[in-house]
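In what follows, a single structure is set out as structure tokens and then discussed.
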Amino acid sequence: MDAQRALLDELMGTARNLTDEEKKGHKELKWDDPDVCAPYMARFCPHDLFVNTKSNLGPCLRIHDPKLKESFEKSPRHDSYMRKFEAELAQQCEKLVMDLDRKIRRGRERLAQDSAVPMPIPGKIAEQLSAREEQVKKLLEQIEELGEAGKVDEAEALMRRVDILNAEKTALANQADNKVAMLEKKMELCETCGSFLVSDDALERTQSHVTGKQHIGYGMVRDFLTEYKAAKEKAKEEERLAREQKAEERRIQRGQEYDSGGRDSGTRRERSGDRDYDRDRQYERSRGRDRPYDHRDRGSEYRSNSYRNGRDSERGGHRYRSGDMTNDRGRIRSRSRSPSRHGYGRSGSPDH
């Protein structure tokens, strides 16, 4: 019947049996509804772990629906909401573990105090032993009086009663010894669930504790907390490494841009100098083509060539000294004034 109802709910919805008026106020429940238990959606609800145990947390006030959990696992928003749900579950588990650890600390203190003080005989057994001893003492006094009076039968009857009381005393003493022996057994504390255990107890009792609901429940809580904290630390470490890698990539990119800018600037300066030099040479050549040849221009042409050679030498890292330049100019003037260069003969008259 339950399986059929679940199938109908899945096919027709939970509001299939409602009237039209009831359907107006009905809201179809989804997995992200606030009334749905987020820890149950993520992993488990702590309220389900300790039912019928000493650590029972009572029923959960929110909805646990396997169909909603299945819908959540198939949802495209699963990963984003999972972090939120796990954070809420971790908060609840953290509180449980803190309360349990406080209980374990108190248990350790109690065991330390009990081991320092010897165990006394239980009070009720001690009172019964004291009463039996008092009765035996009175009966022995009565038996002595009866023997002196010659009442042997009555004395023997009291003696049988004394024997019964002595037997009861022995039984009570043995019971007291057993109680003390049990109390003096070395106890230990379970570090997972905080339960008291007898050291070197029978294997069956130890196995029963380990497979118990309380031990398993607190084990799940502790394991989840350990896994959650480890995943959180790993995510922080990966985020830190990613930031460092991005910073290193930006630094390398800035260095490459700086190097590329310096090379481009030097290349631009060299190209600009070459263009200026070519422009000067082109200008001088154009001047030579435009003007008719004159012997008087040879000196200026030589000086122009010398000037260009000086600029070339400066570009190569060598400069003419001022004295050399003066000598060159003197030689240029002497050659320009030579008679042979102006068509005069040795006699000083021009050739006809």
- Salt bridge check: are K246 and E249 linked by an N-O gap of less than 4.0 Å? no
- Give a yes or no answer on whether the side chain of S75 reaches the backbone of S71 with a donor-acceptor pair at less than 3.5 Å. no
- Taken to the nearest 0.5 Å, the spacing of L96 CG from L57 CG works out to 5.5 Å
- Beyond-backbone contact of P39 with Q92, side-chain heavy atoms, under 4.5 angstrom: yes
- Shortest non-hydrogen contact between P34 and R62, atoms and distance: O-CD, 3.6 Å
- Note on the structure: Tightest non-hydrogen contact, residues L68 and V36, listed as CD1-CG2, 3.8 Å
- If you measure from the Lys or Arg side-chain nitrogens to the Asp or Glu carboxylate oxygens, is any gap between E88 and R83 under 4.0 Å? no
- Query: What is the distance from atom CG of N56 to atom NZ of K54, rounded to the nearest 0.5 Å?
  - Reply: 13.0 Å
- Item | Minimum side-chain heavy-atom gap V97-V221 below 4.5 Å | yes
- Over 12 non-hydrogen atoms of neighbours within 6.0 angstrom of CD in E204: no
- Query: Just how far is it from atom CG of L140 to atom CG of L165, taken to the nearest 0.5 Å?
  - Reply: 9.5 Å
- Rounded to the nearest 0.5 Å, what's the gap from CZ on R105 to CG on L100? Could you check? 10.0 Å
- Task: May I ask you to decide whether K30 forms a salt bridge with D32, counting only side-chain N to carboxylate O separations under 4.0 Å?
- Result: no
- Task: Mark yes or no for whether K169, through its side chain, and E133, through its backbone, hold a donor-acceptor pair below 3.5 Å.
- Result: no
- Query: Any side-chain heavy-atom pair from F196 and L111 closer than 4.5 angstrom?
  - Reply: yes
- Task: Please tell me if the side chains of V162 and I143 come closer than 4.5 Å, counting only heavy atoms from C-beta onward.
- Result: yes
- Query: Below 4.0 angstrom, N of the basic side chain to O of the carboxylate: do R108 and E191 qualify?
  - Reply: yes
- Message: Quick check: is V198 connected to I104 through a chain of hydrophobic side chains (ILVMFWY, heavy atoms under 4.5 Å apart)?
- Response: yes
- Task: Please determine if K213 forms a cation-pi arrangement with F50, meaning its NZ or CZ atom is less than 6.0 Å from the six-membered ring centre and no more than 45° off the ring axis.
- Result: no
- Message: Tell me whether K74 is salt-bridged to E70, with the criterion being a basic N under 4.0 Å from an acidic carboxylate O.
- Response: yes
- Quick one: does S55's side chain get under 4.5 Å of Y218's, heavy atoms only? yes
- Nearest 0.5 Å, what's the CG-CG distance between L139 and D163? 10.5 Å
- Item | Ion pair check, R102 and D99, cut-off under 4.0 Å | yes
- Item | Student check: side-chain heavy atoms of E154 and M159 closer than 4.5 Å | no
- Considering non-hydrogen atoms only, spot the tightest contact between G194 and K103 and give its length. O-CE, 4.1 Å
- Answer yes when K84 and D79 have at least one side-chain N-carboxylate O distance shorter than 4.0 Å, and no when they do not. no
- Task: Step by step, work out the salt bridge (Lys or Arg N to Asp or Glu O under 4.0 Å) result for R240 and E244.
- Result: CA-CA 6 Å; R240 183 186 65 81; E244 291 180 355; 2.6 Å; yes
- Task: Give the cluster check for Y40 versus I63: same hydrophobic cluster or not, with ILVMFWY residues linked at side-chain heavy-atom distances below 4.5 Å.
- Result: yes
- Query: For the residue pair F85 and F72, does the interplanar ring angle fall in the parallel (under 30°), tilted (30 to 60°) or perpendicular (over 60°) class?
  - Reply: tilted
- Query: Can you pull the salt bridge (Lys or Arg N to Asp or Glu O under 4.0 Å) pairs that have at least one residue in residues 34-53, sequence neighbours excluded?
  - Reply: R43-E86, R43-E227
- Message: If we ignore hydrogens and angles and just use 3.5 Å, is the side chain of R222 paired with the main-chain N or O of T192 as donor and acceptor?
- Response: yes
- Contact summary for H209 and S195, nearest pair of heavy atoms: CE1-CB, 3.6 Å
- Answer yes when E239 and R243 have at least one side-chain N-carboxylate O distance shorter than 4.0 Å, and no when they do not. yes
- Please tell me if the side chains of D223 and M220 come closer than 4.5 Å, counting only heavy atoms from C-beta onward. no
- Message: For L61, is the CG atom crowded, meaning more than 12 foreign heavy atoms sit under 6.0 Å from it?
- Response: no
- Could you go through the side chain to side chain contact (heavy atoms under 4.5 Å, CB included) check for W31 and K67 one step at a time? CA-CA 9 Å; W31 58 262; K67 295 191 296 296; over 6 Å; no
- Message: Measuring from atom SG of C193 to atom CD of Q214, what distance do you get when rounded to the nearest 0.5 angstrom?
- Response: 5.0 Å
- Considering only heavy atoms from C-beta outward, does the side chain of E141 approach that of E144 to under 4.5 Å? no
